[in-house]
Number of protein chains: 2
Amino acid sequence: MARNASRAPSAVRSRDAAAEPEPVRRRLLSEATRLFAERGFEGTSVQEIVTAAGVTKGAMYHYFDSKDDLLHEIYGRVLRMQMERLLMFADGPGTVTERLHAAAADVVMTSVANLDDSKIFFRSMHQLAPETYKSVRAERRRYHERFRDLVAEGQREGVFRSDVPADIVVDFFFGSVHHLGTWYHADGPLSGAELGAYFADLLLRSIAPEPAEAGGS
Amino acid sequence: MARNASRAPSAVRSRDAAAEPEPVRRRLLSEATRLFAERGFEGTSVQEIVTAAGVTKGAMYHYFDSKDDLLHEIYGRVLRMQMERLLMFADGPGTVTERLHAAAADVVMTSVANLDDSKIFFRSMHQLAPETYKSVRAERRRYHERFRDLVAEGQREGVFRSDVPADIVVDFFFGSVHHLGTWYHADGPLSGAELGAYFADLLLRSIAPEPAEAGGS
DNA sequence: GCTGATCAACCGACCAGTCGGTATCCTACC
DNA sequence: GGTAGGATACCGACTGGTCGGTTGATCAGC
């Protein structure tokens with residue numbers, strides 16, 4: 001399994017660390033990510049991936065069960081990272097408005113920082129085997145639910161409007177986030193942080209309560 | 001024998017329109033749309049498409065230059081329809097707020113009414129040949145630009161906030177729209193019209209100017 | 001000298017596109 | 001009103017090539 005993936009056998013193994021900055025498994029993952037983002041999952045052959053990583057198919061099938069498994073691993077990494085960061089903000093300090101703003105801006109920033117992952121996610125997810133596909137969707141759903149709970153919390157407190165279901169707000173917002181891969185360019189005039197600020201701002205404004213508007217229940 | 005697939009030709013060709021509800025070309029397009037949405041472009045073989053349409057490959061290559069061309073035709077139909085509807089609202093009567101709201105709600109409704117097209121669009125666009133890809137993107141850009149001009153018009157009039165660039169507002173909104181295909185289900189509790197109303201409302205609110213807040217120019 | 005890591009050659013399945021052929025219809029001229 | 005001749009619509013076997021995955025051999029470190 002992923003035995004050597006995490007820890008570098010510092011001493012003898014690869015004596016010159018610079019010669020092989022990434023172990024084979026990791027190199028396969030990052031090259032596959034790049035190629036899948038560029039040409040799609042079906043448009044990339046296993047041969048292209050292993051050539052890019054400087055190994056042969058035998059090495060790839062030593063570390064991964066299948067091409068499908070490779071894609072699944074890419075998804076797993078992204079999902080774990082995003083969930084971890086969301087929890088950090090959602091369960092952190094501050095008002096619900098501040099926490100939602102921070103989480104929203106953060107997911108935009110990490111999405112543009114890992115734009116290849118964003119491109120792959122929705123373009124290739126349906127290529128996974130049905131079972132794998134389901135597990136990825138389930139994890140994705142858990143993420144959305146935590147985000148939705150944050151919105152619902154603000155609605156209960158009365159700091160967000162309640163006349164739009166929290167689920168719809170979340171789908172609305174994440175549609176925008178997930179589509180960054182189709183138009184954002186890192187070499188454009190807009191940094192990830194700036195874009196995150198804009199997006200978080202648009203989200204918060206769209207669910208801000210009416211300031212005047214007499215009435216309530 | 002696929003001869004019996006379409007009953008008509010025996011007597012008087014297909015003067016009786018009901019005998020063959022869809023001509024071959026149209027049947028190929030609609031079956032291809034369904035299958036591309038279900039399995040992706042690369043995941044669908046030409047053989048599967050023609051079998052579903054009840055014809056053979058010869059028929060498909062009689063009407064289309066290539067598998068690529070088939071996808072291009074699907075895109076062309078969608079793009080023409082959407083642009084036509086956008087212009088109807090954007091150049092129609094009403095205040096800029098009313099026109100933007102109507103256009104936004106409409107594009108959501110037509111997207112869920114043709115959900116297969118939505119699914120295909122961003123999942124398979126990059127599979128097109130480079131030249132075809134460019135022309136589709138160019139037409140898509142023209143659509144976005146018209147929408148952006150509508151937002152910019154409201155900003156100039158002062159009925160929308162100007163502290164978020166109109167381009168970003170449009171990318172934000174269309175991200176949400178384009179992702180409907182990944183989560184919306186026609187048999188869910190939410191009709192296309194309801195969803196359109198919610199989305200258009202979220203958009204309009206996100207760019208509504210500060211009501212109180214002394215000072216704006 | 002065993003074990004995990006990696007290689008190179010290979011295989012069966014599949015796929016987009018081609019091509020020679022057939023059936024039906026349209027037009028025009030007799 | 002019969003028919004020749006061209007055009008249109010469609011068939012289905014075939015081809016050249018690619019792809020995911022397998023296998024037996026080899027290499028390097030303990």
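Residue numbering restarts at 1 for every chain, and letters A, B, ... go by the order of the sequence lines.
Atom CZ in B/Phe64 sits about 12 Å away from atom P in D/dA9, given to the nearest Å. To the nearest angstrom, C1' of C/dT6 lies 8 Å from NE2 of A/His62. In this structure, CG of A/Leu70 is placed 11 Å from P of D/dG20, rounded to the nearest angstrom. As rounded to whole Å, 14 Å separates atom P of D/dT18 from atom CD of B/Glu42. Distance B/Arg39 CZ to C/dC15 P: 10 Å, rounded to the nearest Å. The distance from atom NZ of A/Lys67 to atom C1' of C/dC14 is 14 Å, rounded to the nearest whole Å. In this entry the distance linking CG of A/Asp69 with C1' of D/dG21 reads 13 Å, nearest Å. Going from atom CZ of B/Arg25 over to atom C1' of D/dT8 covers 15 Å, rounded to whole Å.
A donor-acceptor pair is defined here as one N or O able to donate and one able to accept, closer than 3.5 Å; no such pair exists between the side chain of A/Asp201 and the backbone of A/Ala197.
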Trace of the ring pair (Phe, Tyr, Trp, His ring centres under 6.0 Å) decision for B/Phe121 with B/His178: CA-CA 8 Å; B/Phe121 220 104; B/His178 296 149; 7.0 Å; no

Determine, step by step, whether B/Asp106 and B/Arg85 satisfy the salt bridge (Lys or Arg N to Asp or Glu O under 4.0 Å) criterion, reporting the C-alpha distance in whole Å, the side-chain angles of both residues, the deciding distance to 0.1 Å, and the verdict. CA-CA 8 Å; B/Asp106 181 72; B/Arg85 297 188 70 90; 2.7 Å; yes

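Nearest-nucleotide positions on DNA chain D for A/Glu48 and A/Asp65 put A/Glu48 closer to the 5' end.
Taking a cutoff of 4.0 Å between a charged side-chain nitrogen and a carboxylate oxygen, A/Arg26 and A/Glu31 do not qualify as a salt bridge. A salt bridge is absent between A/Arg148 and A/Asp171; no separation between the charged side-chain nitrogens and carboxylate oxygens falls under 4.0 Å.
If you check D/dG20, C/dA5, C/dC7 against the side chain of A/Val55, the one that comes closest is C/dC7. Here the nucleotide nearest the side chain of A/Tyr61, chosen from D/dG21, C/dA16, C/dA5, is D/dG21. Taking every side-chain heavy atom of B/Tyr63 into account, D/dC10 is the closest of D/dG20, C/dA5, D/dC10.
Side-chain atoms of A/Lys57 and base atoms of D/dG20 include a donor and an acceptor less than 3.5 Å apart.
Nucleic acid contact for A/Thr56: base, since at least one base atom lies under 4.0 Å from a heavy atom of the residue.
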